[in-house]
Amino acid sequence: MIKESKEFLNLPVITTEEGNEIATTVNFLINANEKKVVAITVKDSEYYKALKLIPVKQIIGVGKDALIINKPNNIIPYTNIASAENLLQDGISIIGTTVINNNGEVKGTVSEYCLDEQYNIVKLIIHNNDEVYDIPIDKVNVLAKEHTVINDNLLNDVKEEKVIPKDWFSEYKLILEGEPKLTNTLRIKDKTYPSGTKLNEQTLKEICDTGDEKILNDLYNYIE
């Protein structure tokens, strides 16, 4: 299953061995040459001692509410991975980098990227003024700290792949006829909608305007 990078971050880390929440996911450790994530950095109760991470091979599952590992010692100091220090120095984050082609022409900015089940980066989402493009990773030459370098003919290739933002408000507007309310607390970006909140047109529009596809794809499960 393909997931956007944001679906892995700011999640509680829970073990199957004890059922305890032991950390929170923070960021990715990315191997730019292989175009894949090798680990997820975390913050735990001893975060001030050393940077810790979870190698992706230790991750059992990732859902909208938590990231699951087997036991606490699946979280390890970054020094336990030989390549980690070099990858940290590379500082690859992808999101926010300027997209440029081999002719030195700026083509936009990376706003998101997606991972497959093996944590390979499979595509980038690029914003270029009012246009949004979904870019396969095989069309990306270089992932660097400040720039993402693409093939010269990329813009022509992706014209047909332009992503049209989904009209979430129109999709959910009909539910307002039933005077719905939230059955669970809903947190989107900097806003919190408590359980029991009645959905009116203004509230629904606020939620839809966030564009948070992780929540919006699952919104029916939050209402009655």
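What's counted below: heavy atoms across the whole structure, side chains too, no hydrogens, waters or symmetry copies. Because the structure is a prediction, the values reported are computed rather than measured.
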Would you say [X] and [Y] are hydrophobically clustered, going by side-chain heavy atoms of ILVMFWY under 4.5 Å?
{"X": "Y133", "Y": "L124", "answer": "yes"}
{"X": "I121", "Y": "L87", "answer": "no"}
{"X": "I135", "Y": "I100", "answer": "no"}
{"X": "L29", "Y": "Y78", "answer": "yes"}
{"X": "I59", "Y": "V13", "answer": "yes"}

Does [atom1] in [X] sit with more than 12 non-hydrogen atoms of other residues, nucleotides or ligands closer than 6.0 Å?
{"X": "E117", "atom1": "CD", "answer": "no"}
{"X": "K43", "atom1": "NZ", "answer": "no"}
{"X": "K145", "atom1": "NZ", "answer": "no"}
{"X": "K123", "atom1": "NZ", "answer": "no"}

Would you give the length of the straight line joining atom [atom1] of [X] to atom [atom2] of [Y], rounded to the nearest 0.5 angstrom?
{"X": "L11", "Y": "E7", "atom1": "CG", "atom2": "CD", "answer": "9.0 Å"}
{"X": "I150", "Y": "I137", "atom1": "CD1", "atom2": "CD1", "answer": "11.5 Å"}
{"X": "E4", "Y": "L9", "atom1": "CD", "atom2": "CG", "answer": "11.5 Å"}
{"X": "K205", "Y": "I207", "atom1": "NZ", "atom2": "CD1", "answer": "12.5 Å"}
{"X": "I94", "Y": "I125", "atom1": "CD1", "atom2": "CD1", "answer": "12.0 Å"}
{"X": "T24", "Y": "I40", "atom1": "OG1", "atom2": "CD1", "answer": "12.5 Å"}

Strictly distance-based, threshold 3.5 Å: is any side-chain N or O of [X] a donor or acceptor partner for the main-chain N or O of [Y]?
{"X": "N200", "Y": "Q202", "result": "yes"}
{"X": "N129", "Y": "E131", "result": "no"}
{"X": "N20", "Y": "I22", "result": "no"}
{"X": "T109", "Y": "H127", "result": "no"}
{"X": "T97", "Y": "E146", "result": "no"}

Practice problem: For residues E206 and D209, determine if any side-chain heavy atom of one lies less than 4.5 Å from a side-chain heavy atom of the other. | Solution: no
Self-check item: Flag side-chain contact, heavy atom, 4.5 Å: T25 against V62
Solution: no
For [X] and [Y], which heavy atoms make the closest approach, and how far apart are they?
{"X": "Q58", "Y": "I54", "value": "CB-CG2, 4.1 Å"}
{"X": "I60", "Y": "N70", "value": "CD1-N, 3.5 Å"}
{"X": "E17", "Y": "P72", "value": "OE1-CD, 3.8 Å"}
{"X": "I92", "Y": "L143", "value": "CD1-O, 3.8 Å"}
{"X": "K107", "Y": "N101", "value": "CE-ND2, 3.4 Å"}
{"X": "I81", "Y": "P55", "value": "CD1-CG, 4.1 Å"}

Quiz item: How about E112 and S5: does a side-chain donor come under 3.5 Å of a side-chain acceptor?
Solution: yes
Quiz item: When you check the side-chain N and O atoms of N151 and N141, is any donor under 3.5 Å from an acceptor?
Solution: yes
Self-check item: Candidate list Y113, F28, F8, test ring pair (Phe, Tyr, Trp, His ring centres under 6.0 Å), partner Y119, passing option
Solution: F8
Quiz prompt | Candidates D134, N120, I2 - the one meeting side-chain contact (heavy atoms from CB on, under 4.5 Å) with C114 | solution = I2
Exercise. Please test K3 against L115 for side chain to side chain contact (heavy atoms under 4.5 Å, CB included), starting from the C-alpha separation and ending with a verdict.
Key: CA-CA 5 Å; K3 290 180 177 284; L115 306 172; 5.6 Å; no
Quiz prompt | Working for side chain to side chain contact (heavy atoms under 4.5 Å, CB included), residues V149 and N102 | solution = CA-CA 7 Å; V149 183; N102 291 337; 3.4 Å; yes
Practice problem: Start with the C-alpha distance between L53 and I76, add both sets of side-chain angles, then the distance that settles side chain to side chain contact (heavy atoms under 4.5 Å, CB included), and finish with yes or no. | Solution: CA-CA 6 Å; L53 46 78; I76 60 175; 3.8 Å; yes
